[in-house]
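Counting from 1, the numbers follow the sequence of the chain as shown. The model shown is predicted, which means the values in this text are computed figures rather than measured ones. Values reported hereafter were calculated over all heavy atoms of this structure, with side chains retained and with hydrogens, waters and symmetry mates removed. Ligands are counted one by one from 1 in listed order, and the atoms in each one are counted from 1 as well.
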Amino acid sequence: MLLDLAGTGAPAFLAPRQVLTGAGSAATAGAALRSWGVAPGRVLVVADRVVSEAGLLATVVGGLADAGFGVTVFDEVAGEPTDTVVARAAELARAHAVSAVAGVGGGSALDLAKAVALLATNTGGIADWVGVVEPPVPVAPLLLVPTTTGTGSEATRISMITIGGAKSILSCAQFVPLVAVLDADLVADLPAAVVASTGMDAIAHGVESMLSTTRTALTLAVATEAVAILTASLERAALDGDRAARGRVLYASHLSGLALNAGVVLGHSLAYVIARHAPMPHGTSCALALPYCLAYDRDVPEALAAHIARTVTAGESTRLRAAAERVDDLAQRLGLPRSLDAVGISADLLAQMAAETVRDFPRPTNPVPMATAPVHRLLTTMHRGSVDDAWELDLTPNPDPNPTSDGVAA
Ligand SMILES: NC(=O)c1ccc[n+]([C@@H]2O[C@H](COP(=O)([O-])OP(=O)(O)OC[C@H]3O[C@@H](n4cnc5c(N)ncnc54)[C@H](O)[C@@H]3O)[C@@H](O)[C@H]2O)c1
């Protein structure tokens, strides 16, 4: 029973007020906003440029207009959002005194929309709002429409913005939108590589949320369903372009987003640091890190380990190690890089990366405390791409007062 596997913390479980599902559902998003009492006025649509150029905004924009909203489009999202792009979009939102902000695109566009909704009604620039944010004025109502299959940002309180060159986390309960839309039509033509990498991000959300000490029965329930669907359908969705499988993966990535009520753990900390030194899609770095995160966290309670393993392996194994191998194999078949060496990271950087992981992205909810020396040893196995070696490592914090010059105990 999932209740028995819950962790020690019990964070509030937040979810969008309304979730529209099904092909074509984006057309009804405007009416949904109106039904929740959003004032008639102008909606700023914050959109990914590729999505805009592909004509994928038409259903959302048409639906907003049909519901009586004026629409202004800001479609300059190209890559992960920075403080500069936030400032430009926020200026537009303030100039139009918008009554709502809609995000249409991958996690980059949705996270930008959240930041803009905050600045639309509150003073200052985005650098004033890093960390846990409790704005004095409610953020503008949010409508979030994902067009990639992984971040689950349309379900979360998180916005990731690069501020002053550093990837920063904003966490605000009001970033969980009023309306989210899961419209499979919008992911039908997504490039296979984006389905693969964002789908692996969703698997990482599901698995890491299960490891988190703040998992609850609710987060475990949605994570379990999400990971089961993703491991069964992602390959077909990515490599065969199977439309039905893409719809399932989009739905599962939303469930994984809901699981983020428990947060992520070491895997995402490693992923951020990997991408800092070798820029790559977010999901690709998450896929690289996840098997090693499982190895580091091998000492979770046996019943939890068995539950995660059964979920990842479709009931074939109760061993966490088998789950890590299964994730690694899937990522390999999806064509994602499987070692730090393969993404061009030099072994000389590993000590620094271990220190950055622990210092810049600490995770008090990781079930095993994060310490620099064992994370460094873990990174050495990731460098050569050996999940087997990660499982053989001694990962106890190193008490040796005389480590070798690269920081790893002799
Ligand atoms: N807020 C959260 O809870 C949360 C969770 C996970 C990740 N994130 C953040 O989300 C960002 C990554 O988001 P992402 O992985 O979705 O990538 P992304 O939004 O950067 O999009 C990836 C690529 O796909 C293209 N694209 C998007 N939709 C398309 C479509 N339908 N057809 C064709 N091309 C399309 C984009 O132009 C882009 O090139 C990162 O900054 C990450 O940290 C946020």
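Close contacts of ligand 1 with Leu186, meaning ligand atoms under 4.0 Å from a residue heavy atom, involve 31 (N). Counting atoms of ligand 1 from 1 in the listed order, those under 4.0 Å from a heavy atom of Thr147 are 27 (C), 28 (N), 29 (C), 30 (C), 31 (N). Close contacts between ligand 1 and Pro191 involve ligand atoms 33 (C), 34 (N) [criterion: under 4.0 Å to a heavy atom]. Interface of Leu56 with ligand 1, defined as ligand atoms under 4.0 Å from a residue heavy atom, comprises 31 (N).
A cation-pi arrangement is absent between Arg88 and Phe74 under the rule of less than 6.0 angstrom and at most 45 degrees off the ring axis.
What sits closest to atom 26 (N) of ligand 1 on the protein, heavy atoms only, is Leu190 CD1, 4.0 Å. Of all protein heavy atoms, the one closest to atom 3 (O) of ligand 1 is Thr156 OG1, 2.6 Å. For atom 36 (C) of ligand 1, the closest non-hydrogen atom on the protein side is Asp48 OD2, 3.1 Å.
Nearest to atom 15 (O) of ligand 1 by heavy atom, out of Asp111, Val176, Leu260, Thr198, is Thr198.
When atom types are taken as modelled, the side chain of Thr162 and the backbone of Ala166 share no donor-acceptor pair closer than 3.5 angstrom.
For His205 and His254, the gap between ring centers reaches or exceeds 6.0 Å.
By the criterion of a heavy-atom distance under 4.0 Å, the side chain of Val194, and not its backbone, is placed next to ligand 1.
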